[in-house]
A.B. asks: 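My questions all concern the structure below.
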Amino acid sequence: MDTRASSLETLMLLVVCGIFGLVVGSFLNVVIWRVPRHESIVSPGSHCPGCDTELGAVENVPVLSWVVLRGRCRHCGTRISIRYPLVELTTAALWVGLAARFGAVWELPAYLVLAAGLVALSMIDLDTFLLPNRVLYPVGFLTGGLLVVAGVADGRYDTLVRAGLGGAAAFGVFLVIHLISPRGMGFGDVRLSFILGMALGWLSWRHVYLGLFLGFLLGAVIGTLLIAIGVKTRKDHVPFGPFLAAGTMLAIFAGFELLDLLHFGG
Ligand SMILES: [Zn+2]
C-alpha cells in the first residue's frame, strides 16, 4: 500500500473521530443531566439552567461556545460549569485515541460507543451514586451488537466467543462480590462489569484480568487517598463505576505494554 495515502487516511480518521467525539460529548452532557432527572433526552432542546432560555445553534457549539461566552449564559449571565466543555473534550480525546489505537477496523465503532457510554456512566455515578439502566442497556446492547458485526465481518468467531465469555466471567465475579457486600458493590456495577468484560475479552483474556484489576486498584488507592486527605470519611459512599471505567480504558489503550512491564504471562 502507498504509505502516504494510508497516513492521510489515518489523519482523516483521527480528525473525523475528533469532530464527532465533540458532538457526541455534547449529547452526553444532555444524557448526564437529564437521565437521572427522568427527562426526555430528545426534546425539548437545550436550555440555560438559570433563565431557561432555549439555546440557539451558536450557543450549542461544543467547547467553542463555552470559551467564547467565557462560561456564562449570554442572556442572564449564569455561570455554566466547566464540566460541560470537559466532558466534550474528554470524549473527543478518547475517540481520537481509540482511532489511533485501533485504526480503521470493524471493531472500532464498538469501542467508540463503549468510551462514550463510560464517560456518561462515570459522570452520572459521581453525581448520583447510580448507574442507570437507561444508559447501561443501550451501551451494552450497542457495544455487544457492534462486536458481533465485527466478528462476523472478519470471521473472528473465536474472538467473539471470548468476548461473550469475558463478559459472563466478569459478571459472575462481580455478582459474588455484590452478594457478599451489597453496599460496597451495587448491582449497577455488576451489570457494568459484563460490558467491560466483553470489551476486554475481545482483546484477550489477560486484558480482562488486567482491566478489572486496574479498576479495583484505582478504586482502592484513590478511595484511601480521599479518606486520608479528609475529602471523604470512611462512612461516605465512593462510586466505583468511574474507577472500573478508567481501569478498562487503561487496559484497552496500554494493555499490551502494561502486561509486558509486569512480566505477566508471555
Ligand atoms: Zn441564562
A.B. asks: If hydrophobic clusters are built by linking Ile, Leu, Val, Met, Phe, Trp and Tyr wherever their side-chain heavy atoms come under 4.5 Å apart, do M198 and L175 end up in the same one?
C.D. replies: yes

A.B. asks: Between CD of E107 and CG of L112, what distance do you get to the nearest 0.5 Å?
C.D. replies: 11.0 Å

A.B. asks: Report the relative orientation of the aromatic rings in F240 and F243; use parallel for angles under 30°, tilted for 30 to 60°, perpendicular for over 60°.
C.D. replies: tilted

A.B. asks: Short question: side chain of W205, backbone of G166 - any donor-acceptor pair under 3.5 Å?
C.D. replies: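 Not a single qualifying donor-acceptor pair exists.
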
A.B. asks: If we ignore angles and hydrogens, is there a donor and acceptor under 3.5 Å between the side chains of R191 and Y137?
C.D. replies: yes

A.B. asks: Quick check on side-chain contact (heavy atoms from CB on, under 4.5 Å): which of V24, V31, I82, I32 does V87 satisfy it with?
C.D. replies: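 Result for side-chain contact (heavy atoms from CB on, under 4.5 Å) with V87: I32.
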
A.B. asks: V63 and P85: which non-hydrogen atoms are nearest, and at how many Å?
C.D. replies: CG2-O, 4.0 Å

A.B. asks: Any chance you could measure T248, atom OG1, to L114, atom CG, to the nearest 0.5 Å?
C.D. replies: 7.5 Å

A.B. asks: Kindly check if the number of other-residue, nucleotide or ligand heavy atoms within 6.0 Å of CZ (F216) is above 12?
C.D. replies: yes

A.B. asks: Return the minimal non-hydrogen interatomic distance between L13 and G103, and the atom names on each side.
C.D. replies: CD2-C, 3.7 Å

A.B. asks: Measuring from atom CZ of F20 to atom OG1 of T91, what distance do you get when rounded to the nearest 0.5 angstrom?
C.D. replies: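 The distance works out to 14.5 Å.
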
A.B. asks: In Å, rounded to the nearest 0.5 Å, how long is the span from CG of D125 to CG of L118?
C.D. replies: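 Between D125 CG and L118 CG, I get 11.5 Å after rounding to 0.5 Å.
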
A.B. asks: For the CG atom of L200 and the CE atom of M249, what is their distance to the nearest 0.5 Å?
C.D. replies: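 The CG atom of L200 sits 9.5 Å away from the CE atom of M249.
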
A.B. asks: Which residues pass the ring-ring contact (aromatic ring centres under 6.0 Å, His included) test with F187, sequence neighbours left out?
C.D. replies: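 Once residues adjacent in sequence are excluded, the partners of F187 under the ring-ring contact (aromatic ring centres under 6.0 Å, His included) criterion are H178.
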
A.B. asks: With sequence neighbours left out, write down each residue that passes salt bridge (charged side-chain N to carboxylate O under 4.0 Å, His left out) with R162, or none if nothing qualifies.
C.D. replies: none

A.B. asks: Looking at the rings of F102 and F253, which for Trp means the six-membered one, are their centres under 6.0 Å apart?
C.D. replies: no

A.B. asks: Could you give the distance from CZ (F256) to CZ (R206), rounded to the nearest 0.5 Å?
C.D. replies: 7.0 Å

A.B. asks: Out of curiosity, does V58 fall in the hydrophobic cluster containing V23 (side-chain heavy atoms, cut-off under 4.5 Å, transitive links)?
C.D. replies: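 The answer is no; the residues belong to distinct hydrophobic clusters.
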
A.B. asks: Ignoring hydrogens and geometry, is there a side-chain-to-backbone donor-acceptor pair from R34 to S40 under 3.5 Å?
C.D. replies: yes

A.B. asks: Tell me whether D127 is salt-bridged to R37, with the criterion being a basic N under 4.0 Å from an acidic carboxylate O.
C.D. replies: no

A.B. asks: Do you know which two heavy atoms are closest between L214 and A251, and how far apart they sit?
C.D. replies: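 Between these two residues, the closest heavy atoms are CD1-N, 4.3 Å.
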
A.B. asks: Under a 4.5 Å side-chain heavy-atom rule over Ile, Leu, Val, Met, Phe, Trp and Tyr, are F171 and L131 clustered together?
C.D. replies: yes

A.B. asks: Can you name the closest pair of heavy atoms from P62 and S26 and give their distance?
C.D. replies: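 It is CG-CB, 4.1 Å.
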
A.B. asks: Tell me the closest heavy-atom pair linking N133 and P138, and the distance in Å.
C.D. replies: O-CD, 3.6 Å

A.B. asks: Ignoring hydrogens, what is the shortest heavy-atom contact between L147 and A199? Give both atom names and the distance.
C.D. replies: CD1-CA, 4.4 Å

